[in-house]
Number of protein chains: 2
Amino acid sequence: MNLETKYWHLHNHKLMNVLSSNELKEICLITNFKTAKKGEIIYFSHDESNRVYTLKRGTIKIVEIDAKGNEIVKDILQEGDLFGQFTLTNQTLDEYAVAVSDYVTCCSFRMDDFEQIIERNPALALRYTKWMGFRLKRLENRYANLVFKDVRTRLIEFLKDWASKEGTNSNDETILKNYLTHQDIASLICSTRQTVTSLFNDLKEKGVLDYTRTEIIIKNDALLAL
Amino acid sequence: MNLETKYWHLHNHKLMNVLSSNELKEICLITNFKTAKKGEIIYFSHDESNRVYTLKRGTIKIVEIDAKGNEIVKDILQEGDLFGQFTLTNQTLDEYAVAVSDYVTCCSFRMDDFEQIIERNPALALRYTKWMGFRLKRLENRYANLVFKDVRTRLIEFLKDWASKEGTNSNDETILKNYLTHQDIASLICSTRQTVTSLFNDLKEKGVLDYTRTEIIIKNDALLAL
DNA sequence: CGGTTTTGGTCATCCAGCCGACATTTGCTT
DNA sequence: AAGCAAATGTCGGCTGGATGACCAAAACCG
């Protein structure tokens, strides 16, 4: 990938648009780009040196493999999100990122380099800290949900959240492009495939939603009432 | 509290020791100090404007009250730790900090002011981001524990962690000053009082530990073997 | 189009640990 | 020292939801 393209990618990035052109050029030099198609693996936790990744286009999921070989979906990320190692402590056993949408582009730089740039660019630093604070809150929220709410409620909150982020509204319905399997959803809300399936059918029966393998159609009123 | 004392407090603070004297003085001017005795409440989430707090001395717990009026211990914090609001999204209903040890000192500043200082001081920014990354990892870890491990294991991990942070070693035993009730521990590991009590007794029976209301004595080998 | 893999659907079984209820112990207060 | 509130102990009943097993329907692919 040539410098101009790199520059363009970075220039349009949420996190980066506080930087001056010179600084952007500087970052370009230390940035790697990667593209991937659906299903391809983008990064491993035990890869090379600590890197920070940021997603330019598409959707990915962060997956971890547990002792029994099960795939645990830890997070779904979208354009503008950051991922990778944030600290020195590399405790995660087997974590990687998989492309979920058709075409995914992401850039990465070595943590050290990024830190140097932060050190010289306070506006970027501030933005980065805010972003991390946001992440923290999000995780805290998820944690609280897990403790206080039952599976049914967690699924409903998950759907609300998803719909508000990616749904296309038409009339009183929201349509979601469904790129997640029941298994994926289950591990996002910490449950099992079977439970998710039967909850989905229960909700369908109650007229809250309708779905096929590629789409979920949500009746807005009915969902919000829950 | 006079300026010299303030200055001294900040000067000895983990987070702040990258700052020059001038910068420290600057922070002094925007910093409030508070002291509290055991049981006193230090901060409310719906207090005034967004503030960041940092603990100078002592131990506190962050507590949340749920819908049913139960006290949920969200975190135990110690010297050098930061707490308070980190982002704009103030969703927590009823969260506050309670002094657990006898004497607690903490300082706070308005988030806005802190941000301005960060903006002018990249080294502080970097340190702050690293600290947040650490928090994130910790929470992620807790989250993973909750999903994958049963209550017994969570309690054991909790004890190991606690012992390594605060335990005083003598021979093959570790002694912990126990300022937490079974109820507190229960909510930290997401369980119930009763379960914690019976697990404690089970561990005592098995010779892993011994305890009174003020002390926990852990047999190092036995605990590590679990 | 046939065969294979992946995803979704359904059911019976089972158990960790929550919950309520109550007894006992400890420590604090006046 | 008496009284009281908070913390600890113990038990049995109950249930959300995990687990495993098996089948049906799509999707994928040569």
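In what follows, chains are A, B, ... by sequence order, proteins preceding strands, each numbered from 1.
A/R138 has no carboxylate O lying under 4.0 Å from a charged side-chain N of A/D161, or vice versa, which leaves the two without a salt bridge. Here A/K56 does not pair with A/E79 in a salt bridge; the nearest charged N to carboxylate O distance is not below 4.0 Å.
Residue A/N201 places no side-chain N or O under 4.0 Å from the OP1 or OP2 atom of C/dG8. Look at A/T197 and you won't find any side-chain N or O under 4.0 angstrom from OP1 or OP2 of C/dG8.
Mapped onto DNA chain D by nearest heavy atom, A/K149 and A/T214 fall at different nucleotides, with A/K149 at the one closer to the 5' end. Across the interface with DNA chain D, nearest-nucleotide mapping of B/Y211 and A/S191 shows B/Y211 to be the residue nearer the 5′ end.
For A/R193, the listed nucleotide lying nearest its side chain is C/dT10; candidates were D/dG9, C/dT10, C/dC18. You'll find that the side chain of A/Q194 is closest to D/dG20, out of D/dT10, D/dG20, D/dA18. Of the candidate nucleotides C/dC18, D/dA7, D/dA18, D/dA18 has the atom lying nearest to any side-chain atom of A/T195.
Panel note: side chain A/K34, backbone A/I42; a donor-acceptor pair is recorded below 3.5 Å.
Ring planes of B/Y179 and B/W162: perpendicular class, angle over 60° (limits at 30 and 60°).
Distance, A/L199 CG to C/dG8 P: 14 Å, rounded to whole Å. In this structure, A/L146 atom CG and D/dG16 atom P are separated by 17 Å, rounded to whole Å. Atom NE2 of B/H182 and atom P of C/dT25 are 16 Å apart (whole Å). Here C/dC19 presents its P atom at 11 Å from CD of B/Q183, a figure rounded to the nearest Å. When the P atom of D/dT8 is taken as reference, atom CG of B/L209 falls 14 Å away, rounded to whole Å. Between the P atom of D/dA18 and the CG atom of B/D150 lies a distance of 15 Å, rounded to the nearest Å. Distance CZ (A/R154) to C1' (D/dG16): 11 Å, rounded to an integer number of Å. The distance from atom CZ of A/R213 to atom P of C/dG9 is 7 Å, rounded to the nearest whole Å.
No N or O donor and acceptor, one from the side chain of B/R152 and one from the base of C/dG17, sit under 3.5 Å apart.
For B/R142, the side-chain hydrogen bond (donor to acceptor under 3.5 Å, both in side chains) partners two or more places apart in sequence, or in a different chain, are A/Y143.
Rounded to 10 degrees, the angle separating the terminal axes of the helix from C/dC1-D/dG30 to C/dT30-D/dA1 is 50°, with each axis obtained from five end pairs.
The minimum heavy-atom distance linking B/A163 with B/T174 is given by the pair CB-CG2, 4.1 Å.
Between B/N178 and B/T214 the shortest side-chain heavy-atom distance does not fall below 4.5 Å.
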